[in-house]
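Note: hydrogens, waters and symmetry copies are ignored here, and every other heavy atom, side chains too, is used. Each chain gets a letter, A, B and so on, in the order the sequences are listed, and its residues count up from 1.
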Amino acid sequence: GQNIDQPTEMTATEGAIVQINCTYQTSGFNGLFWYQQHAGEAPTFLSYNVLDGLEEKGRFSSFLSRSKGYSYLLLKELQMKDSASYLCAVSGAGSYQLTFGKGTKLSVIP
Amino acid sequence: GAVVSQHPSRVICKSGTSVKIECRSLDFQATTMFWYRQFPKQSLMLMATSNEGSKATYEQGVEKDKFLINHASLTLSTLTVTSAHPEDSSFYICSARRGGGSEQFFGPGTRLTVL
């Protein structure tokens with residue numbers, strides 16, 4: 001089976017940097033995704049990691065360590081609009097199905 | 001590219017009726033479509049996976065006779081909630097994957113309220 005853990009809530013200040021961690025235990029691994037979801041809306045894709053290391057995309061970066069079953073999403077220069085839930089999702093080996101973590105609700109304060 | 005639409009965006013129905021939700025990939029052919037359900041303050045839970053032209057694969061605990069899935073073409077999948085009950089009220093989200101890719105593109109979701 002799959003088990004994905006991430007913090008339930010985080011608060012950070014506008015303009016700051018925040019790191020959202022995700023740990024996973026899976027029976028296989030075919031990649032890790034990060035999605036952003038605003039309340040009442042569908043998730044939007046942020047990043048995809050399948051190899052170890054850091055993937056940078058503008059203000060958002062994502063890191064993966066497969067040996068540790070660990071990933072983080074790094075958000076820089078936080079803006080108020082970044083207040084949302086951030087979902088970590090893992091794709092199992094030989095499958096394109098995604099198992100989602102419960103999400104981390106990020107609140108950006110002035 | 002890679003836009004997925006859902007219709008309707010919001011539906012309210014009486015208990016015992018059936019509701020059909022459509023999921024369309026607008027600018028690509030979707031090899032696989034996925035249906036998720038999300039209750040308030042919960043994460044997305046995969047209900048079923050459907051491939052065009054074949055029967056859907058349901059996750060454990062999801063009743064296939066209650067949640068009918070039809071993947072009629074490479075751009076359309078439908079989810080029918082039969083004999084809906086108040087406990088079926090939820091946010092239903094579909095996603096689509098195109099051949100050769102790993103990423104899932106999500107639709108905007110359908111908010112179902114059963115009275």
Side-chain angles (χ1 to χ4, degrees), chain A residues 1-10 20 22-24 26-51 55 57 62 64 66 71 84-107, chain B residues 1-10 21 23-25 28 30-52 56-62 89-113:
Chain A
Q2 321 259 53
N3 187 38
I4 301 172
D5 289 313
Q6 50 182 130
T8 305
E9 293 184 74
M10 297 183 72
I20 303 174
C22 172
T23 57
Y24 63 90
T26 61
S27 55
F29 183 80
N30 195 32
L32 186 144
F33 296 79
W34 283 96
Y35 285 87
Q36 180 191 62
Q37 186 180 28
H38 285 98
E41 299 180 9
T44 55
F45 171 79
L46 290 178
S47 68
Y48 170 61
N49 295 69
V50 67
L51 299 176
E55 293 279 343
K57 190 183 295 185
S62 58
L64 175 69
R66 288 172 295 171
S71 173
S85 286
Y86 291 85
L87 309 177
C88 173
V90 174
S91 179
S95 165
Y96 293 105
Q97 294 178 348
L98 291 179
T99 301
F100 282 84
K102 292 186 176 180
T104 298
K105 184 178 179 182
L106 174 66
S107 298
Chain B
V3 179
V4 176
S5 71
Q6 271 184 250
H7 178 80
S9 58
R10 188 180 294 268
I21 303 170
C23 177
R24 293 181 185 271
S25 56
F28 67 100
T31 305
T32 310
M33 286 186 168
F34 304 87
W35 287 95
Y36 295 86
R37 181 167 52 183
Q38 186 177 34
F39 292 105
K41 298 186 179 181
Q42 299 292 316
S43 192
L44 280 75
M45 297 298 294
L46 180 65
M47 298 175 67
T49 301
S50 76
N51 294 291
E52 184 265 339
T57 303
Y58 289 80
E59 295 300 298
Q60 194 172 12
V62 178
S89 298
S90 187
F91 192 47
Y92 291 86
I93 307 173
C94 74
S95 71
R97 183 188 73 84
R98 54 186 166 196
S102 301
E103 183 182 347
Q104 292 183 26
F105 301 95
F106 285 84
T110 297
R111 175 80 55 195
L112 170 63
T113 302

Item to check | Steps toward side-chain contact (heavy atoms from CB on, under 4.5 Å) verdict (Q37(A), Q38(B)) | outcome: CA-CA 12 Å; Q37(A) 186 180 28; Q38(B) 186 177 34; 2.8 Å; yes
Next on the checklist: Before you tell me yes or no, could you show the steps for Q97(A) and F34(B) under side-chain contact (heavy atoms from CB on, under 4.5 Å), namely the whole-Å CA-CA distance, both residues' side-chain angles and the distance that decides it to 0.1 Å?
Outcome noted: CA-CA 8 Å; Q97(A) 294 178 348; F34(B) 304 87; 3.9 Å; yes
Item to check | Audit row: L98(A), Y36(B), side-chain contact (heavy atoms from CB on, under 4.5 Å) steps and yes/no | outcome: CA-CA 10 Å; L98(A) 291 179; Y36(B) 295 86; 3.7 Å; yes
Next on the checklist: Let's go through L87(A) and L44(B) carefully: what are the C-alpha distance in whole Å and the side-chain angles of both, what is the deciding distance for side-chain contact (heavy atoms from CB on, under 4.5 Å) to 0.1 Å, and is it a yes or a no?
Outcome noted: CA-CA 9 Å; L87(A) 309 177; L44(B) 280 75; 3.6 Å; yes
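To the nearest 0.5 angstrom, E59(B) atom CD is 7.5 Å from T99(A) atom OG1. A distance of 14.5 Å separates CZ of F100(A) from CD of Q42(B), quoted to the nearest 0.5 Å.
For the set P43(A), G101(A), G103(A), the count of heavy-atom pairs under 4.5 angstrom toward chain B peaks at P43(A).
Neither the backbone nor the side chain of T32(B) comes within contact range of chain A; no heavy atom of the residue lies under 4.5 Å from a heavy atom of that chain.
The environment of H38(A) atom NE2 is dense: over 12 non-hydrogen atoms of other residues, nucleotides or ligands sit within 6.0 angstrom. More than 12 heavy atoms of other shown residues, nucleotides or ligands fall within 6.0 angstrom of atom CE in M10(A).
Residues S43(B) and I4(A) form no side-chain contact, since every pair of their non-hydrogen atoms from C-beta on lies 4.5 Å or further apart.
Shortest non-hydrogen contact noted between Y35(A) and E103(B) is OH-CG, 4.4 Å. The nearest pair of heavy atoms linking A42(A) to G109(B) is CB-N, 4.3 Å.
A centroid separation of 6.0 Å or more is found between the aromatic rings of F45(A) and F106(B).
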